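Worksheet for the structure shown next.
Predicted model only: the values in this text are computed from it and were never measured. Reminder, nothing fancy here: chain letters follow the sequence lines and each chain counts from 1.
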Amino acid sequence: MVNFKEEIAKLLAEEVEGLSVLEIQGMIEVPTDTKMGDYAFPCFKLAKTLRKAPPLIAKNIAEKLDENNIFEKVVSVNAYVNMFVSKEEFVKDIVEEAVSKNENFGRSELGKGKKVIVEYSSPNIAKPFHIGHIRSTVIGNSIYKIYDALGYETVRINHLGDYGTQFGKMICAYRHWGNKEDVINDPIKTLLGYYTKFHVEVENHPELDDEARKIFTKLEQGEEEEIAIWKWFREESLKEFNRVYDMLGISFDSYAGESFYSDKMPRFVQELKDKNLLKESEGANIVDLEEYGMSPALITKSDGSTLYITRDIAAAVYRKEHYNFYKNIYVVASQQNLHFQQWIKIVELLGYEWAKDCVHIPFGLVSLEDGTMSSRHGRVVFLEDVLNKAVEQTREVIREKNVNTDNIDETAKQVGIGAVVFQELSNSRIKDYVFSWDKVLNFDGETGPYVQYTHARASSILRKAGDDIVAKAASLNNIEYKYICTDSGYDLAKLLYKFPEVIIEAGEKYEPSILTRNIVDIAQSFNRFYHDEHILVDNEEEKVAKVALVMAAKVALKNGLGLLGMAAPEKM
RNA sequence: GCGCCUAUAGCUCAAUUGGAUAGAGUAGCACACUACGAAUGUGAAGGUUGGGGGUUCGAGUCCCUCUAGGCGCACCA
């Protein structure tokens, strides 16, 4: 694939003195209005060194570049050099790239030999998996897929919230009021019930708190009976989480949660002491972070037990020693910004130079119309319910449309769940949003179903075109690219050209929404092309060229949806 | 009180990192199905980019300040 920007930068470097090719490449822009050109070079900054008026500089450069045949034409408009590349060359280049690479279009080897850890989802055992958990789960999954596509080795970690005094409370409650069958039949709801009942009862029976604390201590010390119950709770909860993960097509390489690090913490408390970082304050041990503009970090409680910041430090060191990561990514809500800043700083103060490779990827809060979610008050929307409802809605739409599909159940699943996933990935991570049924169940406009529909439409055209024509297009021999250099064809080609760059950018910024936006643009552009042009025309040369472009678009849509964690059905 | 984040069309969001006339979707309006899928497309309308200063050839973007909202700030995670 030709890097047009780089080629143009090389040509410009010959005309402009004192600037490197790389510097010039950074200055080249894509005009907002496509009528202006494919690439533009603003000349304002050259005015000082060349001691000439910017428009004059632009004019001179334009005249010289115009002679080069990589361009269709080069003109100057005020201080801008506007360049139009040769459309046929451009379209040929991108169609060949997409069609020949097919499922590998967009993938690269950028990260070869480097290992990236992505921690995401990380629900709390025995608590409901609600709509608030979708963000970490879906964003993390997409970031993992993007890094995988960029050639990195990846490790997916589900850092389960499976430890802490809450389990003492849960076991305590189970012993007082619980029974086995209820837990097996409906683990999460039952366990949550125990947890809330405990909080109600403790009001009148404060001794329950002591009992719970003692049980947790036994758990920490490895008492068999307590361990057995805890393990059982954990397994039952995981079964339920896995049902949702299966629906979403998500899996993990490790479920090492908080409990996994429970015995790995004393080492760091000692290290902190040795390095004189630990201070005593109100009976507890803290690390003072005032000079870094942060409030102090609490390392051990006044009763000597540790907190989750110590677990996170232990986990990071373990991961470095065990995986030797290049990057250690945490997809965790923005509420925990301070927490991450604190512990990453402490890891740095401990002298671990790789602290800089630990990155917190925050995302905004999901709330409900009547306020923030709260398990205790029953104000939650279960993720599984959302997914099921979306699938149901899709099934109805399919029935209405009366489209032939081979497997309505499977298609409804792919489209319905895709709609939820896509919506989650269409805005910048950091924005808060209010969950709304109307929104997740709306399939018009910039939505997952829209992109999937466009893909299905492209697939349908290829089926109608016939094997013979498709084979000719796929061979890429003697294609008359002039037929797809029309306005809408060329616009589509330009968006496809951006696709591989967009994947890199989405990875660098840990921002799947950049990719989401690109495939929406591709879908829009494809639909415009589809309406503007009759694709399956009588003239075979023209038909083959157009089919080649349809194939290229289909490949980008399919791969793009894949990177978001979505299926691309052939019919819907 | 301190810190971080957010504010762009009625609503939900973009804007190539400081560039040309700020763009999409959605809602409402007017159109287009006997061509390859209408979960679609076309058109018109919709803006003092929260307010005010500043930096410069140029600011939605950078700096200062004010306003509104969200999140966090010691024994939960």
Side-chain angles (χ1 to χ4, degrees), chain A residues 26-33 36 40 42 44-45 47-48 53-54 77-80 82 122 124 161 163-166 258 281-286 293-309 311-312 333-339 341-342 362 364-365 367 372 394 397-398 400-401 403-404 415 419 423 426-428 430-434 436 439 442-454 456-465 498 501-502 505 509 513-514 517 520-521 523-524 527-528 530-537 543 546-547 550 571-572:
Chain A
M27 288 166 71
I28 295 174
E29 296 164 8
V30 177
T32 39
D33 186 348
M36 298 291 227
F44 303 103
K45 281 170 191 154
K48 267 181 197 160
V77 178
N78 295 322
Y80 287 88
N82 289 341
S122 311
N124 285 327
Y163 211 62
T165 42
Q166 51 176 329
E258 289 167 26
S281 167
E282 294 168 36
N285 281 309
I286 62 156
M294 285 181 257
S295 45
L298 193 62
I299 303 294
T300 60
K301 301 195 258 183
S302 41
D303 66 1
S305 57
T306 55
L307 287 115
Y308 84 136
I309 197 161
R311 278 194 277 281
D312 270 332
S334 65
Q335 279 136 305
Q336 308 224 17
N337 276 352
L338 177 63
H339 170 250
Q341 277 171 26
Q342 285 179 323
L365 189 83
S367 52
T372 35
T394 308
V397 175
I398 292 175
E400 267 171 38
K401 309 274 175 201
V403 193
N404 263 354
V415 176
Q423 210 226 359
S426 50
N427 294 343
S428 314
I430 202 67
K431 306 246 185 194
D432 294 347
Y433 73 87
V434 178
S436 130
K439 242 171 117 187
N442 174 31
F443 299 160
D444 296 331
E446 297 171 330
T447 62
Y450 171 77
V451 177
Q452 287 173 320
Y453 171 80
T454 309
R457 181 185 245 180
S459 305
S460 168
I461 293 170
L462 297 183
R463 280 194 300 273
K464 289 257 160 66
K498 271 173 68 181
E501 301 170 13
V502 162
E505 192 191 346
K509 294 183 177 165
S513 67
I514 298 173
R517 188 135 290 115
V520 167
D521 288 344
Q524 280 178 337
N527 284 322
R528 226 163 279 149
Y530 171 89
H531 279 273
D532 285 0
E533 308 274 339
H534 187 188
I535 294 162
L536 301 178
V537 290
K543 181 157 54 173
K546 286 177 169 173
V547 163
V550 172
K571 295 179 185 174
M572 63 184 271

Output yes when at least one side-chain N/O atom of [X] is less than 4.0 Å from OP1 or OP2 of [N], else no.
X	N	value
A:R517	B:rC13	no
A:K464	B:rG37	yes
A:N337	B:rG72	no
A:K401	B:rA39	yes

So what does [X] touch, heavy atoms closer than 4.0 Å: a base, only the sugar-phosphate, or nothing?
X	value
A:K571	base
A:N285	nothing
A:A40	base
A:S281	base
A:L307	sugar-phosphate
A:Y450	sugar-phosphate
A:V550	nothing
A:E533	base

Whole-Å [atom1] distance, [N] and [M]:
N	M	atom1	answer
B:rG53	B:rA59	C1'	14 Å
B:rA30	B:rA45	P	16 Å
B:rA9	B:rU48	P	9 Å

field: Given B:rG72, B:rU12, B:rA20, the nucleotide with the shortest approach to the side chain of A:T32
entry: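 Side chain of A:T32 sits closest to B:rA20.
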Which heavy atom in [X] sits nearest to a heavy atom in [Y], and how many Å separate them?
X	Y	answer
A:D432	A:G364	OD1-CA, 3.3 Å
A:L536	A:K464	CD1-CB, 3.7 Å
A:I430	A:P362	CD1-CG, 4.1 Å

- prompt: When the nearest nucleotide of RNA chain B is assigned to A:I430 and to A:L365 on a heavy-atom basis, which residue is associated with the more 5' position?
  reply: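 It is A:I430 whose nearest nucleotide is closer to the 5' end.
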message: If you go through the side-chain atoms of A:Y308, does one of them form a donor-acceptor pair with the base of B:rA77 closer than 3.5 Å?
response: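 Such a pair is found, so the answer is yes.
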field: B/S/- contact track for nucleotides 21-30 of chain B, protein heavy atom under 4.0 Å
entry: ---BSS----
message: So, taking the atom named CG in A:N337 and the one named CD in A:Q342, what distance separates them when rounded to the nearest 0.5 Å?
response: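 Those atoms lie 11.0 Å apart.
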Between P of B:rA38 and CG of A:D532, the distance in whole Å: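 Whole-Å distance recorded here is 14 Å.
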query: Does CG belonging to A:N78 count more than 12 external heavy atoms closer than 6.0 Å?
result: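 Check fails, neighbour count at 12 or below.
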- prompt: Can you check whether A:L365 reaches A:Y433 side chain to side chain, under 4.5 Å on heavy atoms?
  reply: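 No, their side chains stay 4.5 Å or more apart.
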message: For RNA chain B, report each stem as range with range, ordered by first number, or say none. Use Watson-Crick or G-U wobble pairs under 3.5 Å, at least 3 in a row.
response: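 For RNA chain B the paired stretches long enough to count as stems (3 pairs minimum) are B:1-7 with B:67-73, B:10-13 with B:23-26, B:29-32 with B:40-43, B:50-54 with B:62-66.
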